[in-house]
Amino acid sequence: MTIHSEDLQMNIYQSGDEAAKLLPVSFDQWENQAKKVLAAAPFGYVHGAAGAGDTERGNVEAFQKYKIRPRVCCDITERDLSISLFGNKIPFPILLAPIGVNTILHPDGELAPAKASAKLGIPYVLSNVSSVPLEKVAEAMGDSVRWFQLYPPKDHDLTKSFIKRAEASGFTAIVVTVDSTLLGWRETDLRNAYLPFLTGHGMGNYFSDPVFCSSLKEAPDKNIKAAALKALEEGNNTCFTWRKLDFIREQTRLPLLIKGITHPDDAIMALEHGVDGIIVSNHGGRQLDGAVATLDSLPSISESIQGKIPILMDSGIRRGADILKAIALGATAVLIGRPYAYALAVAGETGVQEVIKHLVAETELQLAISGRSSIQEVDQSLVIKVK
Ligand SMILES: Cc1cc2nc3c(=O)[nH]c(=O)nc-3n(C[C@H](O)[C@H](O)[C@H](O)COP(=O)(O)O)c2cc1C
Ligand SMILES: O=C(O)C(=O)c1ccccc1
């Protein structure tokens, strides 16, 4: 999809009285509307963070330490936001982050963001804990680029089964998330006694898996809670080490990415263990409280990787300026989390498309007004650190 930022802007300006009826423009508005349409517990699940919320706040605040230093009198008539990732040309440096349990947000569940990303032409990273099984998501996406995120199960046969199913359904990369072998301390969810998996949300891939089902005493629909507890136990893979990553590496020739890296030494370990890409992430502050912001992690990780494999980044991206700063500090692309989750709750597939279109338009205008005509021209010289 081509997005003409000035046309998009002008359409909104000229909508007059209709403007009030249009979908939100800013992240804050999406969040406020999601709060209105959702019950307190599912809203709290998305909004919540670990512990005191320091990591989550820090992710957002880190962007203020860097300021864009524009150049002027550059020809910015033509703009190009496209990047190349594992042989695919992607129109904008944006992916949809893996977010599980989408049926708590919208009846279409993961089918809505999957279709939205297919229309936009950006990769969709499907969560291991999606409510809709991966085969159904693949069917809805045609040939569009999709990656599968894995919470590495303890059981090696289940691991193999998930990877084989993803390969058979046309997913073209595997993302192993390594920051969540235990669920963080999330006070909002504890207060609401709310864990959506226990009522069967987010279990699409497990409950449809022959290896998983054969490990149960009775079919998942006979005892949803028991089956969900078993799935969560598989995910509580507290003995997951680099050796287990090697096992995953051996199972697939697809590009393998590791998600949840914030230390440069771990980035080097990951490279040595054969990954093809690194996702600098702290899970949007939902796992470890008081942790380093991902933007602050980027320069040292970029330094240690030396351009050998792509570095992607998420956690706290809310605006076009954030995207440019992340790219300036070494990211090839960013993943968007909560902004699309809120838009999904408010307006389903249309909402997801809309929130991403606005982000793209803002990024393009920011790029141009800062004196660059292509994402390839964005490097460290775009920003200065001010505090
Ligand atoms: C409701 C919710 C569910 C999530 N589920 C997953 C998941 O299943 N797998 C995963 O790797 N990350 C998951 N994440 C983390 C996101 O992939 C991403 O790292 C994070 O949302 C980025 O931060 P942001 O929300 O500030 O953009 C989830 C995040 C949220 C908000
Ligand atoms: O809600 C999450 O952030 C999430 O991705 C998750 C789900 C299950 C176990 C651990 C993390």
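Remember, it's 1-based here, ligands and their atoms both numbered in the order they're listed. Small disclaimer: the values here were computed from a predicted structure and weren't measured.
With respect to atom 3 (C) of ligand 1, the closest heavy atom belonging to the protein is I99 CG2, 3.7 Å. Shortest contact from atom 6 (C) of ligand 1 to any protein heavy atom: P98 O, 3.1 Å. The protein atom (non-hydrogen) at minimum distance from atom 20 (C) of ligand 1 is G284 N, 3.8 Å. The protein non-hydrogen atom at the shortest distance from atom 7 (C) of ligand 1 is Y151 OH, 3.0 Å.
At a 3.5 angstrom cut-off on N or O pairs, G100 counts as close to ligand 1. Residue I317 has no nitrogen or oxygen atom sitting less than 3.5 Å from a nitrogen or oxygen atom of ligand 1, judged on distance alone. At least one N/O-N/O distance between T177 and ligand 1 falls below 3.5 Å.
A salt bridge links D276 with R249; the closest basic N to acidic carboxylate O contact falls under 4.0 Å. A salt bridge links E167 with K164: the distance from a Lys NZ or Arg NE/NH1/NH2 to an Asp or Glu carboxylate oxygen falls below 4.0 Å. Comment: R71 does not engage E377 in a salt bridge, judged by the lack of any side-chain N to carboxylate O separation of less than 4.0 angstrom.
A donor-acceptor pair under 3.5 Å is formed between the side chain of T55 and the backbone N or O of G290. A donor-acceptor contact shorter than 3.5 Å is absent between the side chain of E31 and the backbone of Y342. For E354 (side chain) and T350 (main-chain N/O), no donor-acceptor pair under 3.5 Å exists by modelled atom type.
Sorted by chain and number, the residues within 4.0 Å of ligand 2 by heavy atom are Y45, Y151, L183, R186, F197, H283, R286.
In this structure, OG1 in T332 is found 6.0 Å from CG in L312, a value given to the nearest 0.5 Å. From I311, atom CD1 reaches atom CD1 of I261 across 11.0 Å, with rounding to the nearest 0.5 Å.
Applying the 4.0 Å criterion to heavy atoms of S281 picks out, from ligand 1, the atoms 19 (O). Using a 4.0 Å cut-off to heavy atoms of R338, the atoms of ligand 1 that qualify are 24 (P), 25 (O), 26 (O), 27 (O), 31 (C). Taking every non-hydrogen atom of K259 and a distance limit under 4.0 Å, the qualifying atoms of ligand 1 come out as 10 (C), 11 (O), 12 (N), 15 (C), 16 (C), 17 (O), 18 (C), 19 (O). Under a 4.0 Å criterion applied to the non-hydrogen atoms of D314, ligand 1 contributes the atoms 18 (C), 19 (O), 22 (C). The ligand atoms of ligand 1 that sit less than 4.0 angstrom from a heavy atom of S127 are 7 (C), 8 (O).
Under the 6.0 Å distance and 45° angle rule, R165 does not count as a cation-pi partner of F171. Both the sub-6.0 Å distance and the 45° axial angle are not jointly satisfied by R146 relative to the ring of Y124.
For V129, the closest heavy-atom approach to ligand 1 falls below 4.0 Å. Note on ligand 1: E56 sits outside its first shell, no heavy atom being nearer than 4.0 Å. Heavy atoms of N59 stay at 4.0 angstrom or farther from ligand 1.
Heavy atoms of M313 found under 4.0 angstrom from ligand 1: none, in either backbone or side chain.
Atom NZ of K244 has more than 12 neighbouring heavy atoms from other residues, nucleotides or ligands inside a 6.0 Å radius.
Its side chain within the 4.5 Å cluster rule, M10 clusters with Y13 among the Ile, Leu, Val, Met, Phe, Trp and Tyr residues.
Between V132 and D108, the shortest heavy-atom distance links the atoms CG2-O, 4.1 Å.
Remark: among candidates H283, Q149, R286, the nearest residue to atom 30 (C) of ligand 1 is R286, based on non-hydrogen atoms. Of the candidates G285, A97, G337, S315, it is S315 that places a heavy atom closest to atom 23 (O) of ligand 1.
For the side-chain contact (heavy atoms from CB on, under 4.5 Å) criterion with L257, the lone passing option out of V125, V175, I174 is V175.
For the residue pair T159/Q251, the side-chain donor-acceptor check at 3.5 Å is not satisfied.
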